[in-house]
Structure formats: C-alpha cells, structure tokens
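Everything below concerns the one structure shown next.
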There are 2 protein chains.
Amino acid sequence: MDEDGLISTAKQAADHELVLGFGRLLGAAGRLEYILGRAIEVECGISHLMFEVLLILGRAANDGVSMKAIGQEQVLTTGGVTRLVDRMEEAGLVERTDDPADRRGRLVRLTPLGERKAVQAARVHLENIRRHFLEPLPESHRQQFMEDLRILSHTARDALPRLR
Amino acid sequence: MDEDGLISTAKQAADHELVLGFGRLLGAAGRLEYILGRAIEVECGISHLMFEVLLILGRAANDGVSMKAIGQEQVLTTGGVTRLVDRMEEAGLVERTDDPADRRGRLVRLTPLGERKAVQAARVHLENIRRHFLEPLPESHRQQFMEDLRILSHTARDALPRLR
DNA sequence: TCGGAATACCTGATCAGTCAGTTACTGTTG
DNA sequence: CAACAGTAACTGACTGATCAGGTATTCCGA
C-alpha cells in the first residue's frame, strides 16, 4: 500500500528535496511570466498572445508575416493562430491579405491602430520587466542574469515541441 | 494616419529596440516554462497544474491542504481549483475530505497513486530542468542564476494579483 | 507532366480555464 | 444572541486554447 509515501526511502527523499527546490524556481519563472502577461491584459486590454503577435509584426515592419511564421514564433497550433488573428482582425489591430507568392498563404500586417497598441503595450511591458525582473536583483547580477536568459532563449527555441 | 509605424520617431525607435530585446527574454522564460510543462504532460500524462498540486500536497505530507491554499500557491481562481481537483480526484490522484476545523472547507490529500505519480513526474521534471535550464549555461554562471531565480520567486509571490 | 506527399490555413468538437453569482458556514459587533 | 459582513467551495455561462480532420495549393520525383 506504500503508506510511507513520498519520502519512504533515502533516495526518494533526496529527489524530493531537489524537486521541491527546483519546483519553486519553475514556479517563479511561471509566475513572473504570468504577472507580465496579466499586466498587459489589464493595462492595455489585449491578451499576452496578441501582444506577442504585435511585436512579431512590428519587427517585420510592413512586409507582412505569414500565419505559419506567427505560429512558429509563438507556441500555438495553426488553429490557434487562425483564431487569434481572427480576434485581432475583429479588434482592428491587424489585417490579412493574400500572399502573392503562395496562394495558400495569407500575410498579416499591423494596422495603424495595431502599431499604436504595440507601442503602448511595449511601454507597459518594459516598465513591468524593469520592476519585476531587474530591480529585485542586486545591481551586480543584472547584466549576467539578462545574458543567461538570452542564452536560454536560444536553447528554448531549439527544444520547442513541434505543434501542428 | 501614422503610416510611419512603430519606429516613426527616434524615441519610439529606442523603445522598440528595448522592447524587442526584452520581449525575447520574456519569450524565453515563457517558452522554458512551456517546455517543462509540456514534458510533464507528454511523459507523465498529467497537466503541469496537476503536477504543481502534487508538489504542494507532497510538501504538506499527510496533513491535507485546503482548496483555498492550493489556489493561493498557484495562480488559479477558486473555480479553477475546484475543477482541477475534480479531475485529479477522478484520476485517483487525490482525495477530498471535510475539514473538521471549518465546515465550509475541504482538505485535499494525496492518494498512494498520487504519491507515486508525484515522484515519477518530479524525476522527469528535474531531468528537464537540468537539461534546459542548467546545462546550457556556462558552469560559472549556474549558481548565481539559480540564486537570482530564487530572489525573483519571492518578488513574484508578492506581486501576484489577487484572484477570486 | 502527372500523381501523390507536403504545406498553409481553416473548422467542428472538446477541454480547461475565467468570471460572476450562489450556498453554506464563520466571525464580529451592537 | 441576532443580524450581517466575510469566507470557502461550488456552479453556469463563457472564452480561448487544442486536436483531428478538411480543402486548396504547391512541390517533387518517376
């Protein structure tokens, strides 16, 4: 019946300790992301996924970005992208056009309203990153922390599971 | 009409640069968390929220934890907790009992199956943390990075929005 | 150049969360 | 101790994602 539970052996106890420690760290990463996402939602009235799309489109300037590419930048299935862009189009933030180079594809582009929203949300976001990610850390750690996050962003990109 | 777009002034250009940089970092945190969460789901057959509940309950040993407390540890409304625990109960991972000290409350406790699942998932999780968070960083950075994450986990806790 | 595999997007069904409101109980205060 | 505010958990309606499958188009090799 295993009534001794999770820490019934020394080996398990050691694992348990480690996981609890790391569990909190993961929780930290998750909560920080959650806080930043919520802030965008509350202060700018768009979801955090919409915000990320605005950033992606802003980076591409006025070339337009395919649905596919948006799905790959984010962690979102193609169906998810379709619906997300649907809502953004309804909200007047983006517009879709046929891709002249591939008649299956569609290109997504910022509207002027979308651009303004991107700038506004970016400002809010930046401020929140400063407050929640940077200021709590000792001055001397900040640079290295950001550098490490940058490294991890690349491994994360490679490790991303393929979504349909 | 603002056809110049996101980078139409020098001020905006500077902001844009900053946001894109930080945007990637946020994305990194998000993606790492996502990867870890997906791994648990794929390899252990439980959602990442279930896993966090298992950890919380494991930490409390066999005292039982109130729904309220679970909701506060995680970022989840009370309705969300009710439904999450419903599913976990259905899956045989936890059991609910009335709280003898407060007849409004219920206490949630691990079942033996839940304990085994917690240990299994924790092992998977630990391995993934090592691979995705630690190994990519230079040896000399790892300690400080973990320390910084620990600091941030505390500010994150304080900054959490109150969910009903 | 024809036919099948791959690709880009969309859609119906479902799932897991939020939100707002309800019920049952507790704690407080006049 | 009666009234009433506050609290813990639950629920119906809704939202925004996934998944699986569909259609139109493109790519590629025999």
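What's counted below: heavy atoms across the whole structure, side chains too, no hydrogens, waters or symmetry copies. Letters A, B, ... mirror the listed sequences (proteins, then strands); counts begin at 1.
- Counting to the nearest Å, the C1' atom of D:dA17 and the CE atom of A:Met50 are 13 Å from each other.
- Between the side chain of A:Lys117 and the main chain of A:Pro112, no donor-acceptor pair closer than 3.5 Å is present.
- Whole-Å rounding puts the B:Gln72 CD to D:dA9 P distance at 10 Å.
- The side chain of B:Lys68 lies closest to D:dA9, out of C:dC19, D:dA9, C:dC9.
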* Where along nucleotides 21-28 of chain D does protein come under 4.0 Å, by heavy atom, of base (B) or sugar-phosphate alone (S), with - for untouched nucleotides? -> B--BBS--
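- The residue B:Gly79 sits close to a base: some heavy atom pair falls under 4.0 Å.
- For the pair B:Met67 CE and C:dA24 C1', the computed distance is 15 Å after rounding to whole Å.
- A single hydrophobic cluster is not seen to contain both B:Leu107 and B:Met50; linkage of ILVMFWY side chains at heavy-atom distances under 4.5 Å, directly or through other members, places them apart.
- Residues of residues 92-100 of chain A having a heavy atom closer than 4.0 Å to DNA chain C, listed by number: A:Arg96.
- Rounded to whole Å, atom P of D:dT11 lies 15 Å from atom CG of B:Leu84.
- As judged by a 4.0 angstrom heavy-atom cut-off over every strand, B:Arg83 is placed among the base-contacting residues.
- Taking the side chain of A:Leu76 as heavy atoms from C-beta on, and the options D:dC10, D:dA17, C:dC10, the nearest nucleotide is D:dA17.
- Taking only side-chain atoms of A:Leu49, from C-beta outward, the nucleotide of D:dC10, D:dA17, D:dG12 with the closest atom is D:dA17.
- Looking only at atom types and distance, the side chain of A:Ser66 has no donor-acceptor partner in the side chain of A:Arg106 under 3.5 Å away.
- One atom, CG of A:Leu107, and another, C1' of C:dC9, lie 12 Å apart when rounded to the nearest Å.
- At the heavy-atom level, A:Ser47 lies nowhere under 4.0 Å from the strands shown.
- Listed pair A:Thr77 / D:dT18 meets the phosphate criterion, a side-chain N or O lying under 4.0 Å from OP1 or OP2.
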* For salt bridge (Lys or Arg N to Asp or Glu O under 4.0 Å), just list the numbers for B:Arg96 and B:Asp86, CA-CA rounded to whole Å, side-chain angles, deciding distance to a tenth of an Å, and then say yes or no. => CA-CA 9 Å; B:Arg96 264 189 272 226; B:Asp86 283 350; 2.3 Å; yes
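- Closest to the side chain of A:Ser66, from the set C:dC9, D:dA8, C:dT18, is C:dC9.
- To the nearest 0.5 angstrom, A:Phe51 atom CZ is 10.5 Å from A:Ile56 atom CD1.
- Going from atom CG of B:Leu84 over to atom CE of B:Met67 covers 8.5 Å, rounded to the nearest 0.5 Å.
- With rounding to whole Å, B:Asp86 atom CG is found 14 Å from C:dC15 atom P.
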